[in-house]
4 protein chains.
Amino acid sequence: MLDAAFEEFAAHGYAGAKMTAVAQRAGVAKGLVYHYYPSKEALFRAVMQACLEPVFAEAEREATDEDVPATVMLERLLDLAYAEREGQERQCILFRLIVAEGQRFPELSAWYEEAVFRRAVAIARAVLRHGARRGEFDAALAEQEGMAEVLLAPAIMNEVWRMMLGEGRAPSRAGMHAAQAALLARALAPGGMDARGGGRDAGGKEGNAACPATRRATSAP
Amino acid sequence: MLDAAFEEFAAHGYAGAKMTAVAQRAGVAKGLVYHYYPSKEALFRAVMQACLEPVFAEAEREATDEDVPATVMLERLLDLAYAEREGQERQCILFRLIVAEGQRFPELSAWYEEAVFRRAVAIARAVLRHGARRGEFDAALAEQEGMAEVLLAPAIMNEVWRMMLGEGRAPSRAGMHAAQAALLARALAPGGMDARGGGRDAGGKEGNAACPATRRATSAP
Amino acid sequence: MLDAAFEEFAAHGYAGAKMTAVAQRAGVAKGLVYHYYPSKEALFRAVMQACLEPVFAEAEREATDEDVPATVMLERLLDLAYAEREGQERQCILFRLIVAEGQRFPELSAWYEEAVFRRAVAIARAVLRHGARRGEFDAALAEQEGMAEVLLAPAIMNEVWRMMLGEGRAPSRAGMHAAQAALLARALAPGGMDARGGGRDAGGKEGNAACPATRRATSAP
Amino acid sequence: MLDAAFEEFAAHGYAGAKMTAVAQRAGVAKGLVYHYYPSKEALFRAVMQACLEPVFAEAEREATDEDVPATVMLERLLDLAYAEREGQERQCILFRLIVAEGQRFPELSAWYEEAVFRRAVAIARAVLRHGARRGEFDAALAEQEGMAEVLLAPAIMNEVWRMMLGEGRAPSRAGMHAAQAALLARALAPGGMDARGGGRDAGGKEGNAACPATRRATSAP
DNA sequence: CATGAATGAGTCTTCATTCAT
DNA sequence: GATGAATGAAGACTCATTCAT
């Protein structure tokens, strides 16, 4: 029934959704919906709750595996962020609902901050710090305020554009993935020029290696 | 009256907006709204039309001034993208409406693509190419597919987060601005190591110089 | 302008007619209609008034021309009644409006009685009396109460059916005209007492027996 | 509820009827009306449907009873046609609604033709043919085209006038009934050639002379 | 005379919510 | 638990009418 409700809210937004339609989608009578959820608003909250719960969970340990080189962790992070994940569409819809109804349901925004934004930033920051400590990344740059957000933004924005423009007209995942990988490889490579050449090569490698993205669940938006 | 309608739609979304409320905001009678716009949908389209018309216009010539060094053009572009512009709130609201109602009003998405997305990407691409031609940027990297989008995404995402999380909890403009400026400076600087040191310094400068952003109108999202 | 109003009322009835549409049909502004007629109701009355005025006028002298044989007068009367007259469509529409709006505008019914019904009956009655006096018609039958109405009904009903069923499916004017002419010729012809007596008695019986009508369902209209 | 709707439509016509009033008459809430009928138009159609269904049914076998003399059958037919029947008022109102709304609801006219007009004409024609075959009626006259319609018209018109003018001012049922009965008795009686021949010739002449109708204005309805 | 912008009461219609079964 | 008939407040939309120009 929550699935049915999610679809209805996704299709028409909160105000446009009809309880009758929810019941029909679920194949039950209107009254039964009210048997479980006292009101439309309660149903909406429950739907959001149910959608938001199972996200993340994993993906956090990725960043805490100290043995992996930072360049590999970064690679993995980008793979995850740009991956075409199962259930991604639902997450995009969720993102849209939060954007659309965030004003009326402040808890949505609060939840987004806690469950998505903070965690994602924390992960990105951990990867950057890891690289800085191991000397793989230029420390000053990698630990600069705002760098984690800059790191995450392109992949998220890619999904937003995909949602807004449709699959066909949005920028390709692979293109942005490769471009960002190359950009980061050159920028984060530490200091001196000799490292440069290597850094650049590595960057090229990463850029190429990035495309066959591993399919594991994270939260892009 | 379109202003009143915009506010109402912004506050409640399409389905949640009330024609009566629009009339009240505009200080006129309900009937008069219908005198000018035959239906709620027509009003919504007119509002969007009116909001979308005056955007852009300028900002396009920025990227076509061949005499300016590419690093300066890039600096200016970031300044614009991260600037706290007048009318920005309206544009964010617009963005939110397009995200929320894009399904029901495909023209909105279409307009966004043409009037915002394509233009913004074109400008970013022009700056990158300019730098590549002048030898200021690493040509292969600067002209890589998807780089323009990667360049634009952080500033836009910054606004999206600001919209979703509120002024207080969103990442600061200045922080992301500086981080991205530094990142780009290191990444785009062409080849050799000697340039490196200078490039880094320049990057640092740019990062600092970026914060006192010039206040001119563009369209971040 | 009255023409325009007539068309509008004819097309949509009183409640369904719109003042704006009247103005448009007339090619003037809404306000001008109100300049001449203070309200929709007043306009409707004026339209009816204007439509009802020019009817009749002639046709009354027909029946008072004493020199013409009654059979000829009757023939002329039927010719007139069944004739496909110019302006007949308007009269049918008028009839329909009176049927439809007679409840809300009692004056319409009143006018119909005075200006149409009574005059028509008077004319028919005059023709019948004329024939009775000249010995062309069987006096008892021709002057019987209700005979004038029976005489008029078929031609009127023919128009009503035409209006209800459309030109194609309604009974033909010529057919009913000929049938009624033949019927009246045989019935009204005087004399033939042997057959007469029986026929008359039977008729009288039938007439009397008719009143205690059996109560079973049929379809009057 | 259909009853309530019928009353409302009867009282104010289609456009003038209010759904609220229908609900009030039925003693239910407005919403319940919409629970059963999706729109005003659907309700109207349902009302008409329900009204039109139970009409007729019987009355058809009347004309197929071969053992009864045609004069008796004719007598019964007139009795039925002029009878003050229960539910007659509803039928008159129905007739009025069909006249008034027939343009907007073509199905009404179609139904009237099939369910009322054709059947009634068929019955009248059967009676006339029955009389012709048994030698009770003059065959040529009784089977003449249009005779059935001429036979039915006065009784129907009597109801129409009653509806338009009110009970008090309309011609009496009994009067028209008796007059028509007498008329038919004399006209349909077979034979009587002396008087007959002249009368018939005159009739034939009139019938033929009728067609080239003079075009002058009168008022049929 | 003529216009049409402006008004707002009134209608149709929707839909969240209740409740007897 | 499960149903769906019933409710009525609320919202989109209409249109007769007014009035400044």
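Letters go in sequence order (proteins before strands), and every chain restarts at 1. Keep in mind that what you see is a predicted model, and the values were worked out from it rather than measured.
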Side chain of B:K18 (C-beta onward), nearest among E:dA5, F:dG1, F:dG11: F:dG11
From E:dC1, F:dA12, E:dC12, nucleotide with atom closest to B:K40 side chain: F:dA12
Distance, rounded to the nearest Å, where B:M19 contributes CE and E:dA6 contributes P: 15 Å
5' precedence on DNA chain F between C:T20 and D:G31 (nearest-nucleotide basis): D:G31
Ring geometry between B:F95 and B:Y112 (parallel below 30°, tilted from 30 to 60°, perpendicular above 60°): perpendicular
Residue C:V28, side-chain atoms from C-beta onward, closest of E:dT3, F:dA2, F:dC13: E:dT3
Sugar-phosphate only, base, or nothing, as touched by C:A15 at under 4.0 Å among non-hydrogen atoms: nothing
N/O donor-acceptor pair under 3.5 Å between C:S109 side chain and D:L165 backbone: no
Nucleotide nearest B:L32 (side chain, heavy atoms from C-beta), chosen from E:dT7, E:dC1, F:dG1: E:dT7
Nearest-Å distance for atom pair OH/C1', residues C:Y34 and E:dT3: 15 Å
Plane angle bin for D:F44 and D:F105 - parallel if under 30°, tilted between 30 and 60°, otherwise perpendicular: tilted
base_contact_polar (E:dT7 base, B:K30 side chain, donor-acceptor, <3.5 Å): no
Complementary nucleotide of F:dT21, counting Watson-Crick and G-U pairs under 3.5 Å: E:dA2
Whichever of C:P38 and D:H35 has its nearest DNA chain F nucleotide further upstream toward 5': D:H35
Polar side-chain atom of D:R90 near backbone of D:C51 as donor-acceptor pair, under 3.5 Å: no
Heavy-atom donor-acceptor pair, A:K40 side chain to A:A17 backbone, under 3.5 Å: yes
Who pairs with F:dA9 - Watson-Crick or G-U, where each distance is under 3.5 Å: E:dT14
Separation of E:dC12 C1' from D:E8 CD (nearest whole Å): 13 Å
Spacing of A:F44 atom CZ relative to E:dA16 atom P, expressed in whole Å: 14 Å
Touch class at under 4.0 angstrom, heavy-atom based, for D:A42 against every strand present: nothing
Gap between atoms OH and P, on D:Y36 and F:dG4 respectively (whole Å): 12 Å
Interatomic distance, C:Q24 CD vs F:dA16 P [rounded to whole Å]: 12 Å
